[in-house]
Amino acid sequence: ILKMNGDRVAVVNLYCGNQPVFICEKYDDKTSLLNTVLLTMKMCLHSFSFFRQLLSQYTLSQNANVSAVDNNPALHPLWVRCDMSDPAETTWFGAETVSVGSKVSGVKLYSVTCKGATLDKKSLITLDELKQEHKKRHHPSSMAIKGNARFNLFGSTIVENTMIESQSSVTVDFKWSHVESILETPPLSSTATLNIKIASGDMRSPVFEMYRELEFLQTLADGLRTGETEWMEPLETTSAVNLTKTYLEGTCSTTKTETDTPIFNSLLGRGDLDFVEQLWVRMRKSVTSYQDIGDCLKLVIEALRYGDIKPWIHRDSSSSLSKLILQSYHQQIDHVSLTGVTPVHMLLEMGLDKMRKDYINYLIGNFLNVTLFITEVDLQEQVIRLRKLHHLLEIIVTCTTFLGLPYDRLFLLTQSCLQHYKTYPYDEDHEFKLQIKPALISHFYQKEHPVVWGAEVSSGHGPREVRTTLQLSDRPLVDHVIFETDYPNETVNGDSEDPAFFSTMVCCSLINFA
């Protein structure tokens, strides 16, 4: 099976990164071994003897000294799932070509062995033993050793044996040199990268109310686009028409009012909602039908036409209702037929106008100008772009509220997110990256346990570099083997001060073609 990015196979990604690889998961006696690698689509584990045959064909197919295959193009790396039937209990075997220029000069072979989770840190391989394993295979004159680790900063948690799931996660990856001991804490001199994946709609988010407001906006947009509307449950017990009547009665002879909605006096800091924006706040919490929207707007337009209200609006308001208000200042109001989808269209404009100001107010005040990002496009596209800006806001707020990141990091993150969304569609599964100094988040990780910790011993340079890698993780990096553990079933990571770690070792050998 040809898979891109290792198809999220953790062990394969350790060595192959983003390049395509062949994963061998089936053997059929009626087909050649090499064709099996290219064509198989059904999983099956393989024995050690099978791999030896397959490895031989892979290597011969790349050896330019074999005249029958001279000038063959280099194959993608090959990885084979194994059944642990050999003495070393191997779970994966891998092979990849080594090239000098355009010519294949050799093959690197990999073997992966794993051990079940253990709470006993003394049973783990030591750093000296890892170095000795590398020396035994490669006899290097010098070696380098690097460390890596990943910590969870935000996301799913375990409370009283119960996993509280979250679709959001913030992890940090560390890389450093001069490792001194297994499971050592990454030094402050490490390079650190935040991996940020935030899902909108988390009730813990400070902008959850904004999310609900955006959801209602999306409901209106979907209704205009498809002709069908699934109305949300109203947040108010009072009907939309009665709320509107009460609002109009309190607006008579008032030039400017302040919002009574707490969210606007907190994170986004907007206390200057105009008449149309406050009307939107009331309607989006109470309307449940097209009839509601039409009846509410009819009340407002009649009050404007008869001069019962002289509402204040922002100078840059652009909705149809705002234009009618401007006309009312001169006692001239165009006739509006509140039939068909016109009321929904008008309400959608009101919501877009308000929410656009909300996001622009926050982002211009704190980071950068996004005005052109959400203007000068049609209503449907404006809703899409508002969703992108809301996702950006969720990311920034999470990193501000829970991580306390400084302004310069938040500014770079905002630019990165905005640049991404200028090109790509809305995607909550996208993982944003941010370089950061470890000292900024040291209080989060220095007393915590890593979810992954690794050490890599290497020697040689360029295509002749060989590596021996140890990975300790809170879950197995191999998914086709069931491992035994040395602790009771009722003990789970998160309940104990000392977590259990699965151990994975990857060894490498280099075969040079003469």
Side-chain angles (χ1 to χ4, degrees), residues 200-201 207-232 235 240 244 247 259 261 263-264 267-270 272-287 290 292-294 296-297 300-301 311-327 336 338 340-365 369-394 418 421-422 425-426:
S200 298
V207 292
F208 179 66
E209 281 300 315
M210 284 294 296
Y211 168 77
R212 294 174 70 169
E213 188 172 3
L214 186 60
E215 285 295 285
F216 181 76
L217 199 72
Q218 185 71 61
T219 296
L220 296 177
D222 291 343
L224 285 178
R225 181 171 50 84
T226 65
E228 297 181 1
T229 302
E230 294 185 9
W231 298 99
M232 300 171 64
L235 302 177
T244 303
Y247 178 47
T259 177
T261 308
I263 185 66
F264 301 110
L267 178 73
L268 298 181
R270 283 194 66 206
D272 63 341
L273 298 190
D274 67 14
F275 171 83
V276 175
E277 291 172 321
Q278 293 200 60
L279 179 62
W280 156 262
V281 170
R282 286 160 173 79
M283 291 182 66
R284 73 101 176 169
K285 292 182 177 181
S286 57
V287 297
Y290 293 125
D292 280 350
I293 299 174
C296 291
L297 292 179
V300 175
I301 293 173
W312 167 84
I313 60 171
H314 289 294
R315 181 176 299 177
D316 59 348
S317 297
S318 60
S319 67
S320 298
L321 184 58
S322 296
K323 293 174 182 177
L324 292 177
I325 292 173
L326 290 176
Q327 292 175 3
V336 178
L338 296 175
V341 298
T342 299
V344 181
H345 195 279
M346 291 179 66
L347 186 59
L348 178 59
E349 287 180 332
M350 293 162 57
L352 282 169
D353 216 18
K354 177 203 168 285
M355 297 197 74
R356 181 166 58 241
K357 290 185 179 71
D358 290 340
Y359 291 117
I360 290 174
N361 175 75
Y362 180 80
L363 293 170
I364 288 182
N369 193 335
V370 297
T371 306
L372 293 179
F373 183 69
I374 49 177
T375 57
E376 302 178 355
V377 291
D378 63 34
L379 295 183
Q380 294 290 340
E381 181 61 26
Q382 284 188 49
V383 174
I384 292 172
R385 296 190 181 188
L386 277 182
R387 291 192 73 88
K388 292 180 177 181
L389 280 186
H390 183 82
H391 191 213
L392 184 157
L393 186 62
E394 292 267 17
L418 191 60
Y421 271 142
K422 284 182 178 179
Y426 181 78

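One-based numbering along the sequence shown.
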(Q) Distance alone, cut at 3.5 Å: any donor-acceptor contact between the side chains of His390 and Tyr359? (A)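 Side-chain D/A pair, His390 to Tyr359: present.
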
Q. Given His314 and Asp272, is the side chain to side chain contact (heavy atoms under 4.5 Å, CB included) satisfied, shown in steps?
A. CA-CA 9 Å; His314 289 294; Asp272 63 341; 3.3 Å; yes

Q: Flag the pair Asp353 / Lys357 as yes when at least one side-chain heavy-atom distance between them is below 4.5 Å, and no otherwise.
A: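 Answer yes - side chains close enough.
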
Q | Min side-chain heavy-atom separation Ile384-Val377 under 4.5 Å | A |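 SC-SC contact between Ile384 and Val377 ruled out.
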
Q. Is Glu209 paired with Arg212 through a side-chain N to carboxylate O contact shorter than 4.0 Å?
A.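 Judged by the 4.0 Å cut-off on N to carboxylate O distance, Arg212 and Glu209 do form a salt bridge.
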
Q | Ion pair Arg387/Glu215, N-O distance below 4.0 Å | A |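 Salt bridge flag = yes for Glu215 with Arg387.
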
Q.
Could you walk me through whether Phe216 and Leu347 satisfy the side chain to side chain contact (heavy atoms under 4.5 Å, CB included) test, starting with their C-alpha distance in whole Å, then the side-chain angles of each, then the deciding distance to 0.1 Å, before giving a yes or no?
A. CA-CA 11 Å; Phe216 181 76; Leu347 186 59; 4.1 Å; yes

Q: Output the distance between atom CG (Leu297) and atom CG (Leu279), rounded to the nearest 0.5 Å.
A: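 The CG atom of Leu297 sits 7.0 Å away from the CG atom of Leu279.
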
**Q.** Spatial distance of atom CD (Glu213) from atom CE (Met210) [nearest 0.5 Å]
**A.**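 So the CD of Glu213 and the CE of Met210 are separated by 5.5 Å.
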
(Q) Checking His345 now: which residues fulfil ring pair (Phe, Tyr, Trp, His ring centres under 6.0 Å) with it, not counting sequence neighbours? (A)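 Partners of His345 under the ring pair (Phe, Tyr, Trp, His ring centres under 6.0 Å) test: none.
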
(Q) Please give me the minimum heavy-atom distance between Ile293 and Pro343, naming the atom from each residue. (A)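 That closest heavy-atom pairing would be CG2-O, 3.4 Å.
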
Q | For Val276 against Ser322, the heavy-atom pair lying closest together | A |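 Heavy atoms only, the tightest pair is CG2-OG, 3.7 Å.
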
Q. Taking only residues two or more places apart in sequence or in another chain, which ones pass side chain to side chain donor-acceptor pair (under 3.5 Å) with Tyr290?
A.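 Applying side chain to side chain donor-acceptor pair (under 3.5 Å) to Tyr290 gives Thr229.
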
